[in-house]
**Student:** 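My questions will all concern the structure given below.
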Amino acid sequence: MSVRKLFVSLLCIGSLLSACENKPTQEASISKTDHQWMIDTLATLAREADPTKVYALNTARIEEYGKELYQGNDPQKQARAMFLRSEELLNSGRTEAAIGQFRALLVAVGGENPTINEHTKRIMDRIALSFLRLGEQQNCQLNHNAESCVFPFRGGGIHTNKNGSEYAIGLYTDLLRKYPNDLESRYLLNIAHMTLGTWPDGVPEEFRMPMDVLGQPHEDFPEFDDVGMANGAAMNGLSGGVVIADMNGDQRLDILASSYGFTDPLSLLIAQPEGGFRNEASAAGLDGITGGLNLVQADYDNDGDTDVLVLRGGWFKEGGMLPNSLLQNQGDGTFKDVTRSSGILSFFPTQTATWCDIDLDGWLDLVIGNEGAAMELFHNNGDGTFKETGIQAGLSPQVFAKGVTAGDYDNDGRIDLFVSVLGGANLLYHNDSEGSTLHFTEVASSAGVNAPFFSFPAWFWDYDQDGWLDIYVCGYDLNDLSQLTGEVYAEAMGYAVTSEKPRLFRNMGDGTFEDRTEAAGLDKLAWAMGSSFGDLDNNGFPDPLLATGAPDLSTLIPNQAYRNLDGKRFEEITRAGRFGHLQKGHGVGFADFDHDGDQDLYVVVGGAFEGDTFVNSLYRNPGTKGHWISLWLEGKTANRSALGARIEVKVVLANGQRRSFYHTVSPGGSFGGNSLRASIGLGDAISIESVEVTWPSVPFATDIFEQVDLDHTYRLIQGEKLEKITPEGLIWRESGTHNHH
């Protein structure tokens, strides 16, 4: 019996289900509503989760390893159990207790006056890291401000309680005397000095990272302020996803964010008329709808509001046999879980999915990339239900998918799929569907987009603005995950690295792609998890933000941001824009919250372990010189969200030349949740000649408009006139009640 069938059978025995397959008719007859069923199921799964199979249940794992300490007399097994228990204390946030346990283990292994050697080094490493973490907790978390944990540290980011970092510096210095080539200790020594404001001069020259490690400051690119605290958006949690959309129909953009702990609540941040956000998750009916590593939005039922899919179980393997949640917006900003009755209920670990209209019938279908299981394709029946047809349509029966993204890469009008794979070749599915018969052909090898072979976030985008969708996919090399910070240090120092780097594949327009990563200046290690793209400076070329990290508490590597200069070359603006957050980054969303024509950013921050929580960031765009246009699209024969709609804006530039800017309506990256409102930078354009929208529908339909003004917002319903609007935007608060940490 498969793990999934066994799991579902156990649920049946527990009387949680009366029908064990995806049979909406039978399940809808249960007296409990779908919504309450999901709440009860999630609570039961959280209560019965096996800590030996879920690495993030750190408090429970402390007890498990504690039991091993009292079993048997094998000194090596005892030492191992003591080390692992100390690790779980650290990961659960009980840092001072972890330090005490690690020190006791050090004495047990090395004697009363232990020296640093091959037997004690790993323990000393963890004691040093524990002190560094203690400094983060006492400063960046308990006394959080907008500059906390932003690399390189300055101002309010400098620790006032210096004890943790001072102890860490002493220990890393001792370790490097014995092991001067320990690159992880070199890197963390630099970080510790940064937290105290003694970097770079305080670091011995032979271990010092260069000043330009995050790129040069740029006078023509401004710093982005993190205004999350003042505006009620600095939610504290673990890794999670984000969706940015108008959830209650008042024109203002709201934020839905998740945190992937089994019992962690969703946060629904509703933009307030008086300014800032307020968490209204309880009022929206979301209490008990917990967890979720990623979120994906769409109006799947074409009723004019934004629905959300919550994805669960990613990375947990057999411990992650959790149901996803389809949250149907009731039209007033409240939600109901309709997972069972819609027919998409399944139990696989996942954190990636995409909505797209595969057969162009006007209804959005759902593709889910599972981890170590078959991909799922749920065809929308147009009546609120779906039919699963993934394998029949040619999708992989076995894959460890980490990113699924949709786009029409060959401009034939049909939506294709790209799937990033962890530990294998990536997949490119060409859409060969005919009518209602769904079918894909896998063409990644012939297209030249198999690499990298350890991949995570991915997306389609037209980075060079030539009218053909290109592909970006970021490497996430598990072979070097334990040496991640060492690899980051090595690259900063110009040493050789072995980890896989991202890939930028340029669409050649003939079904093939060319690797342009190095030529474009994007060949830098990233270890990105969440990420997305938008146009931060409105020059017309999309810019990526990569949210980076890994579960281990030592992986304090800065997020990365790049400016797309001209569709050919990117330059790093991490330092210039103050985007280099050191804590783990996940869901990234670009959106014009205040409707002033430039894009702001929301980034979900937090790690994998119970104690590795952090505060999410809301970056306000201080403004750009570039012109822009904002288009709010609504399909009629096309899906109402207009997902997949292609926009071409023809402009006249300041030098008299004519050119086109292209935009496809999408949520951005595979681990990002951009607003679906099309914010299009137009650079130094002096006028718009026309706006052309090609809708994803059959028959293909195109709307063309002239006499369109720069720097305005328009609403367009398919087949109707453009309507100039002046929408209500977010009012930024300069100060306000701080979020609870």
Side-chain angles (χ1 to χ4, degrees), residues 55-56 58 87 90-93 95 129 132-133 135-137 139-141 144 148-151 153 157 184 187-188 191 195 214 226 228 234-242 257-261 264 267 291-295 314-316 351-352 402-403 422 456-457 474-478 480-485 487-488 499 525-532 545-561 574 579-589 601-619 669-673 741:
Y55 64 83
N58 308 109
E87 283 278 274
L90 175 62
N91 293 336
S92 69
T95 309
L129 176 63
L132 187 60
R133 179 61 179 166
E136 292 176 339
Q137 290 175 310
N139 295 272
C140 299
Q141 289 185 316
H144 183 77
S148 294
C149 275
V150 179
F151 184 108
F153 285 60
E184 178 178 290
Y187 179 82
L188 294 175
I191 297 298
T195 67
L214 294 180
D226 183 350
M235 310 311 293
N236 190 45
L238 298 175
S239 52
V242 62
S258 65
S259 174
Y260 97 139
D264 291 353
S267 297
L293 186 53
N294 198 9
L295 307 172
W315 294 112
F316 289 156
Q351 55 94 86
T352 186
K402 291 306 296 179
L422 196 74
F456 198 164
C474 204
Y476 201 80
D477 197 334
L478 294 187
D480 293 306
L481 205 58
S482 62
Q483 303 296 323
L484 190 155
T485 49
E487 284 279 270
V488 173
S499 300
L525 293 176
W527 275 287
M529 298 181 292
S531 53
S532 198
L545 187 136
L546 309 178
T548 61
D552 192 88
L553 293 173
S554 68
T555 54
L556 298 169
I557 59 176
N559 294 341
Q560 297 175 16
T574 305
F579 297 119
H581 207 300
L582 278 179
Q583 297 298 322
K584 285 65 170 190
H586 289 83
V588 174
L601 278 162
Y602 192 79
V603 181
V604 176
V605 184
F609 301 132
E610 288 176 351
D612 199 10
T613 61
F614 210 79
V615 179
N616 297 346
S617 294
L618 173 62
Y619 294 102
S670 63
F671 204 160
H741 299 323

**Student:** Keeping Gln351 on the side-chain end and Trp315 on the backbone end, is there a donor-acceptor pair under 3.5 Å?
**Tutor:**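 Pair absent, no side-chain N/O of Gln351 close to backbone of Trp315.
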**Student:** Look only at the side chain of Asn616 and the backbone of Ala234, and say whether a donor-acceptor pair between them is shorter than 3.5 Å.
**Tutor:** no
**Student:** Output, in order, the C-alpha distance, side-chain angles, deciding distance and verdict of ring pair (Phe, Tyr, Trp, His ring centres under 6.0 Å) for His586 and Tyr260.
**Tutor:** CA-CA 11 Å; His586 289 83; Tyr260 97 139; 7.6 Å; no
**Student:** Quick one, Trp527 and Val488 - any side-chain contact, counting heavy atoms below 4.5 Å?
**Tutor:**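 Yes, close enough: below the 4.5 Å cut-off.
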**Student:** Hey, does the side chain of Asn58 reach the backbone of Phe609 with a donor-acceptor pair shorter than 3.5 angstrom?
**Tutor:**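 No, the answer is negative, given that no donor and acceptor are paired below the 3.5 Å cut-off.
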**Student:** Using a 4.5 Å cut-off on heavy atoms from C-beta on, say whether the side chain of Gln141 contacts that of Phe614.
**Tutor:** yes
**Student:** Where the side chain of Ser259 meets the backbone of Gly237, is there a donor-acceptor pair that is under 3.5 Å apart?
**Tutor:** no
**Student:** Taking the side chain from Thr613 and the backbone from Gly606, do they hold a donor-acceptor pair closer than 3.5 Å?
**Tutor:** no
**Student:** Quick one: pull up CG in Leu90 and OG in Ser554 and give me the separation to the nearest 0.5 Å.
**Tutor:**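 Between Leu90 CG and Ser554 OG, I get 10.0 Å after rounding to 0.5 Å.
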**Student:** Please find the pair of heavy atoms, one from Ala56 and one from Ala608, that lie closest to each other, and give the distance.
**Tutor:** CB-O, 3.3 Å
**Student:** For the pair Ser532 (side chain) and Gly669 (backbone), establish whether a donor and an acceptor sit closer than 3.5 Å, ignoring hydrogens and angles.
**Tutor:**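 Yes, the answer is positive, given that a donor and an acceptor are paired below the 3.5 Å cut-off.
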**Student:** Looking at Ala547 and Val603, what are the two nearest heavy atoms and their distance?
**Tutor:**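 Smallest interatomic distance, heavy atoms only, reads CB-CG1, 4.5 Å.
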**Student:** Got a second to check how far Asp552's CG is from Leu129's CG, nearest 0.5 Å?
**Tutor:** 6.5 Å
**Student:** Is there a donor-acceptor pair closer than 3.5 Å between any side-chain N or O of Asp226 and the backbone N or O of Leu618?
**Tutor:**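 Yes, because the side chain of Asp226 sits within donor-acceptor range (under 3.5 Å) of the backbone of Leu618.
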**Student:** Find the distance between OG (Ser239) and CG (Leu293) and round it off to the nearest 0.5 Å.
**Tutor:** 5.0 Å
**Student:** Fit a plane to each ring of Phe671 and Phe456, take the angle between them on a 0 to 90° scale, and name the class: parallel (under 30°), tilted (30 to 60°) or perpendicular (over 60°).
**Tutor:**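 Answer is tilted, since the angle falls between 30° and 60°.
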**Student:** Donor-acceptor check, side chain of Asn294 to backbone of Ser670, threshold 3.5 angstrom: yes or no?
**Tutor:** yes
**Student:** Just by distance, do the side chain of Thr485 and the backbone of Tyr187 share a donor-acceptor pair under 3.5 Å?
**Tutor:** no
**Student:** Using 0.5 Å steps for rounding, measure from the CD1 atom of Ile557 to the NE2 atom of His581.
**Tutor:**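 The CD1 atom of Ile557 sits 13.5 Å away from the NE2 atom of His581.
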**Student:** Nearest 0.5 angstrom please: Thr195 OG1 to Phe153 CZ, how far?
**Tutor:**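 Here the interatomic distance stands at 6.0 Å.
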**Student:** Looking only at non-hydrogen atoms, find the nearest pair between Gln560 and Ala526 and report the distance.
**Tutor:** NE2-CA, 3.7 Å
**Student:** Any side-chain heavy atom of Thr352 sitting closer than 4.5 Å to one from Lys402?
**Tutor:** no
**Student:** At their closest point, which heavy atom of Leu546 faces which heavy atom of Ala528, and how far apart are they?
**Tutor:** CB-CB, 4.0 Å
**Student:** Just verifying a value: how many Å separate Asn559 CG and Cys149 SG, rounded to the nearest 0.5 Å?
**Tutor:** 11.0 Å
**Student:** For Ala550 and Leu484, which heavy atoms make the closest approach, and how far apart are they?
**Tutor:**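 Of all heavy-atom pairs spanning Ala550 and Leu484, the closest is CB-CD1, 3.7 Å.
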**Student:** Side chains of Leu553 and Glu136: does their closest heavy-atom pair fall under 4.5 Å?
**Tutor:** no
**Student:** So, the side chain of Gln583 versus the backbone of Ser148: is there a donor-acceptor pair under 3.5 Å, distance only?
**Tutor:** no
**Student:** Return the minimal non-hydrogen interatomic distance between Phe579 and Ala561, and the atom names on each side.
**Tutor:** CD1-CB, 3.4 Å
